Participant: 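For reference, the structure I am asking about is given below.
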Amino acid sequence: MLPEPEGLPEPLPEPAVGDLRLENVLAALSDPLRLLIVRKLLLESEQFDHTCGWFGLDRPKSSLTHHFKALREAGVTRQRQYGLERRSQVRVTDLNARFPGLLDLVAAWTPPDGT
């Protein structure tokens with residue numbers, strides 16, 4: 001996990017650590033595309049946070065916006081607004097505190113071919 005840089009914009013609204021609910025997190029992760037997004041962030045992050053373009057997903061922007069919002073509202077990711085773009089990161093510390101081992105399972109998941 002990369003250290004948090006100084007001077008970051010405030011995160012967009014998200015559940016507090018104590019309000020994270022397993023059923024909401026699992027519901028967000030039940031979609032294969034969202035699972036792929038989280039896995040990629042866990043295994044391939046090069047920076048503190050990433051724009052949706054970094055993921056290289058061939059989906060309409062409106063569809064990606066929906067998926068990133070679902071992850072943020074469930075408490076899986078944190079998003080910050082940088083001008084016109086939003087950047088995402090996994091809430092590793094928060095999720096490991098609430099649901100130990102969950103992110104290890106996500107990182108170990110093997111996406112189906114063609115994903």
Side-chain angles (χ1 to χ4, degrees):
M1 188 170 78
L2 297 170
E4 189 170 295
E6 292 186 30
L8 290 175
E10 286 298 311
L12 297 173
E14 63 186 34
V17 178
D19 294 333
L20 293 175
R21 306 274 314 174
L22 183 60
E23 64 271 22
N24 296 339
V25 170
L26 291 177
L29 293 174
S30 70
D31 182 280
L33 181 61
R34 292 194 290 260
L35 190 56
L36 184 70
I37 288 168
V38 174
R39 182 177 184 271
K40 186 169 174 78
L41 281 170
L42 289 171
L43 298 179
E44 299 177 28
S45 282
E46 306 154 341
Q47 302 171 2
F48 175 71
D49 54 12
H50 294 278
T51 64
C52 61
W54 174 79
F55 295 89
L57 302 169
D58 186 24
R59 301 287 198 294
K61 185 174 180 176
S62 60
S63 172
L64 292 176
T65 299
H66 163 75
H67 288 294
F68 282 100
K69 181 180 178 184
L71 288 167
R72 177 177 50 85
E73 289 181 346
V76 177
T77 59
R78 171 166 291 137
Q79 286 189 305
R80 287 179 161 72
Q81 188 81 33
Y82 293 80
L84 297 176
E85 66 185 18
R86 289 184 178 180
R87 296 184 187 175
S88 301
Q89 68 179 115
V90 177
R91 293 176 61 181
V92 173
T93 302
D94 298 343
L95 290 167
N96 282 339
R98 291 282 290 153
F99 314 114
L102 177 65
L103 293 179
D104 293 334
L105 292 171
V106 172
W109 171 70
T110 303
D113 291 338
T115 307

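Since we're looking at a predicted model, the values are computed, not measured.
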Participant: Within the side chain of Gln81, is there an N or O that forms a donor-acceptor pair under 3.5 Å with the backbone of Gly83?
Facilitator: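 Yes; at least one donor-acceptor contact below 3.5 Å.
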Participant: Once you round to the nearest 0.5 Å, how far does CG of Asp31 lie from CD1 of Ile37?
Facilitator: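 These two atoms lie 8.0 Å from each other.
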Participant: Should Leu20 and Leu102 be regarded as members of a common hydrophobic cluster, given that ILVMFWY residues are connected when their side-chain heavy atoms come within less than 4.5 Å of each other, either directly or indirectly?
Facilitator: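 Same cluster: Leu20 reaches Leu102 through Ile, Leu, Val, Met, Phe, Trp or Tyr contacts under 4.5 Å.
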Participant: In sequence, state the C-alpha distance, the side-chain angles, and the governing distance for Arg34 and Val76, and then conclude on side-chain contact (heavy atoms from CB on, under 4.5 Å).
Facilitator: CA-CA 10 Å; Arg34 292 194 290 260; Val76 177; over 6 Å; no
Participant: How far apart are the closest heavy atoms of Leu36 and Pro111, and which atoms are they?
Facilitator: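 It is CD1-CG, 3.8 Å.
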Participant: Below 4.5 Å, heavy atoms only, C-beta onward: do Asp104 and Asn96 meet side chain to side chain?
Facilitator: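 Not touching, per the 4.5 Å side-chain cut-off.
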Participant: Which pair of non-hydrogen atoms, one from Arg91 and one from Ala16, has the smallest distance, and what is that distance?
Facilitator: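 The answer is NH2-C, 4.1 Å.
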Participant: Thr77 and Glu14: which non-hydrogen atoms are nearest, and at how many Å?
Facilitator: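 Taking every non-hydrogen atom into account, O-OE1, 4.2 Å.
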Participant: Do you know which two heavy atoms are closest between Glu10 and Arg80, and how far apart they sit?
Facilitator: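 Heavy atoms only, the tightest pair is O-CG, 4.0 Å.
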Participant: Dump the intermediate steps for side-chain contact (heavy atoms from CB on, under 4.5 Å) on Val90 and Leu71, then the final yes or no.
Facilitator: CA-CA 9 Å; Val90 177; Leu71 288 167; over 6 Å; no
Participant: Ala74 and Ala28: which non-hydrogen atoms are nearest, and at how many Å?
Facilitator: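 Closest pair (atom of Ala74, atom of Ala28, distance): CB-CB, 3.6 Å.
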Participant: List the atom of Ser88, the atom of Gln79, and the distance in Å for their closest heavy-atom pair.
Facilitator: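 For Ser88 versus Gln79, the nearest heavy atoms are OG-NE2, 3.2 Å.
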Participant: Can you list the steps and then say if Lys69 with Leu12 is a side-chain contact (heavy atoms from CB on, under 4.5 Å)?
Facilitator: CA-CA 10 Å; Lys69 181 180 178 184; Leu12 297 173; over 6 Å; no
Participant: Surrounding CD of Glu23 (heavy atoms of other residues, nucleotides or ligands, distance under 6.0 Å), is the total greater than 12?
Facilitator: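 More than 12 heavy atoms, drawn from other residues, nucleotides or ligands, come within 6.0 Å of this atom.
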Participant: I need the Leu103 CG to Thr93 OG1 distance, nearest 0.5 Å.
Facilitator: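 Going from CG on Leu103 over to OG1 on Thr93, the span is 9.5 Å.
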Participant: Checking Arg72 side chain against Pro13 main chain: does a donor-acceptor pair fall under 3.5 Å?
Facilitator: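 Indeed, once roles are kept as given, a pair shorter than 3.5 Å links the two residues.
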Participant: How many angstroms lie between atom CG of Leu33 and atom NE2 of His66, to the nearest 0.5 angstrom?
Facilitator: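 Rounded to the nearest 0.5 Å, the CG-NE2 separation comes out at 9.5 Å.
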Participant: Do Arg98 and Val25 touch side chain to side chain, with heavy atoms closer than 4.5 Å?
Facilitator: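 They are not in side-chain contact.
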Participant: Can you name the residues that form a side-chain contact (heavy atoms from CB on, under 4.5 Å) with Leu22, not counting sequence neighbours?
Facilitator: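 For Leu22, the residues satisfying side-chain contact (heavy atoms from CB on, under 4.5 Å) (neighbours in sequence not counted) are Leu26, Phe99.
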Participant: How would you list, by chain and number, every residue that makes a side-chain contact (heavy atoms from CB on, under 4.5 Å) with Leu35, sequence neighbours excluded?
Facilitator: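 Expected list: Leu29, Val106, Trp109.
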